[in-house]
Amino acid sequence: MEIWAMRSGGTHKSLQATISVLLADDDRDDCFFFKNALGKIIIPTVFNVVEDGERLMKYLSANTNDLPDVLFLDFNMPRKNGAECLREIKKNPKLAGMPIIMYSTSLHEAIADDLYEEGAHYFARKSGLTELTNVLSRVLTMIQENEFERPPRNKFVLSLEAQ
């Protein structure tokens, strides 16, 4: 199993807790891009990556006592796609409460409806560095301030306009 790990947040003194971020994505370029955006945020994080749905489920099963604070789950992955992983996670009582943000290049309303109904917290479109950095900052701030809640369906898609 390949896992990338990174700590961010700089060396400033802070009483902030470190937020654990897990990305499940098979595209190395997208993972690198995500890592760069995360590195631009001052909130301290630990970042791990798994490269497909099967590895994600093995990782989560092995770490049920140390789950990430948030999972960014690519919709299109080999072996087991994001929707299959989402359903499996939400059916497992040990994993069901973990915040999940679906992450993909495209979004069709019918698919978004299904993902919302299956229990995803948000959907974030793969985008430019500035927008991704802003979305990550927004999500991590909500987690840090204990304000991360599942929104109504009309606010499911995270974007700059939704801020």
Side-chain angles (χ1 to χ4, degrees), residues 1-9 16-41 43-108 110-127 129 132-133 135-144 146 148-151 156-158:
M1 173 187 305
E2 180 173 348
I3 298 174
W4 299 356
M6 171 187 116
R7 285 196 178 275
S8 69
Q16 299 174 347
T18 300
I19 296 173
S20 174
V21 178
L22 178 61
L23 172 65
D25 195 327
D26 63 308
D27 187 306
R28 285 188 175 273
D29 290 337
D30 286 344
C31 293
F32 181 76
F33 192 70
F34 192 99
K35 179 180 175 181
N36 279 345
L38 192 59
K40 294 184 177 299
I41 299 168
I43 297 170
T45 60
V46 173
F47 176 59
N48 292 303
V49 176
V50 291
E51 63 186 20
D52 66 50
E54 284 185 5
R55 288 186 171 120
L56 169 64
M57 297 315 299
K58 287 178 185 173
Y59 176 89
L60 294 175
S61 293
N63 291 285
T64 56
N65 293 324
D66 190 26
L67 293 173
D69 294 307
V70 64
L71 167 63
F72 284 82
L73 180 55
D74 185 19
F75 183 76
N76 296 306
M77 290 186 294
R79 298 191 182 130
K80 188 178 284 195
N81 70 36
E84 293 170 314
C85 292
L86 176 64
R87 280 190 291 279
E88 193 172 326
I89 290 167
K90 292 300 178 179
K91 287 180 182 175
N92 184 328
K94 292 180 180 179
L95 307 175
M98 180 177 49
I100 299 174
I101 299 174
M102 300 305 296
Y103 186 58
S104 187
T105 53
S106 62
L107 174 67
H108 301 285
I111 293 173
D113 289 341
D114 290 343
L115 294 172
Y116 186 80
E117 290 301 316
E118 292 288 342
H121 288 78
Y122 287 100
F123 182 96
R125 197 180 315 259
K126 291 183 179 181
S127 57
L129 184 61
L132 178 58
T133 302
V135 165
L136 288 171
S137 179
R138 181 173 171 212
V139 167
L140 296 179
T141 299
M142 285 189 293
I143 291 170
Q144 184 180 57
N146 292 318
F148 191 90
E149 295 179 6
R150 194 161 179 261
F156 177 60
V157 178
L158 284 170

Check: Given Ile89 and Glu118, is the side chain to side chain contact (heavy atoms under 4.5 Å, CB included) satisfied, shown in steps?
Finding: CA-CA 10 Å; Ile89 290 167; Glu118 292 288 342; over 6 Å; no
Notebook entry, point to check: Given side chains that start at C-beta, do those of Leu22 and Leu60 come closer than 4.5 Å, heavy atoms only?
Noted result: yes
Next item on the list: Give, for atom CE of Met98 and atom CG of Asn92, the distance between the pair rounded to the nearest 0.5 Å.
Entry: 9.0 Å
Next item on the list: Write down the atom of Pro68, the atom of Ser20, and the distance for their closest heavy-atom approach.
Entry: CA-OG, 3.5 Å
Next item on the list: May I ask you to decide if Thr133's main-chain N or O and Ser137's side chain share a donor-acceptor pair within less than 3.5 Å?
Entry: no
Item checked: Audit row: Phe72, Val139, side chain to side chain contact (heavy atoms under 4.5 Å, CB included) steps and yes/no -> CA-CA 11 Å; Phe72 284 82; Val139 167; 4.2 Å; yes
Item checked: By side-chain contact (heavy atoms from CB on, under 4.5 Å) - contacts of Thr105 (at least two apart) -> Lys126
Item checked: Side-chain donor/acceptor of Asp27 to backbone N/O of Asp30, under 3.5 Å -> yes
Notebook entry, point to check: For the rings on Phe148 and Tyr122, is their centre-to-centre separation under 6.0 Å?
Noted result: yes
Check: So, do Ile143 and Val70 sit near enough that their side-chain heavy atoms are less than 4.5 Å apart?
Finding: yes
Note to self: Are the side chains of Arg28 and Glu51 in contact, using a 4.5 Å heavy-atom criterion?
What the structure shows: yes
Next item on the list: First locate atom CG of Leu140, then atom CG of Asp69, and finally report the distance between them rounded to the nearest 0.5 Å.
Entry: 9.0 Å
Checklist line | Gap between atom CG of Leu56 and atom CG of Asp25 - 0.5 Å precision | finding: 11.0 Å
Check: Rounded to the nearest 0.5 Å, how far apart are CD1 of Ile41 and OG1 of Thr141?
Finding: 7.5 Å
Notebook entry, point to check: For residues 75-90, which residue pairs qualify under side-chain hydrogen bond (donor to acceptor under 3.5 Å, both in side chains), counting only residues two or more places apart or in two chains?
Noted result: Asp52-Arg79, Lys80-Glu88
Margin query: To the closest 0.5 Å, what do you measure between NZ (Lys94) and CG (Asn63)?
Written below: 12.0 Å
Margin query: Counting C-beta onward and ignoring hydrogens, is there a side-chain heavy-atom pair between Val21 and Phe34 closer than 4.5 Å?
Written below: yes
Next item on the list: Kindly say whether the aromatic ring centers of Phe123 and Tyr103 come within a distance under 6.0 Å.
Entry: no
Checklist line | Test item: His121 side-chain N/O and Ile101 main-chain N/O as donor-acceptor pair under 3.5 Å | finding: no
Check: Less than 4.5 Å apart, any side-chain heavy atom of Lys40 and any of Leu129?
Finding: yes
Checklist line | Taking every non-hydrogen atom, the tightest pair across Leu86 and Gly119 | finding: CD1-C, 4.3 Å
Notebook entry, point to check: Got a second to check how far Leu23's CG is from Leu38's CG, nearest 0.5 Å?
Noted result: 9.5 Å
Note to self: Going by side-chain contact (heavy atoms from CB on, under 4.5 Å), name the residues that satisfy it together with Phe75, two or more places apart in sequence or in a different chain.
What the structure shows: Ala83, Met102, Ser104, Ile111, Leu115
Check: Which pair of non-hydrogen atoms, one from Cys85 and one from Gly53, has the smallest distance, and what is that distance?
Finding: SG-CA, 3.4 Å
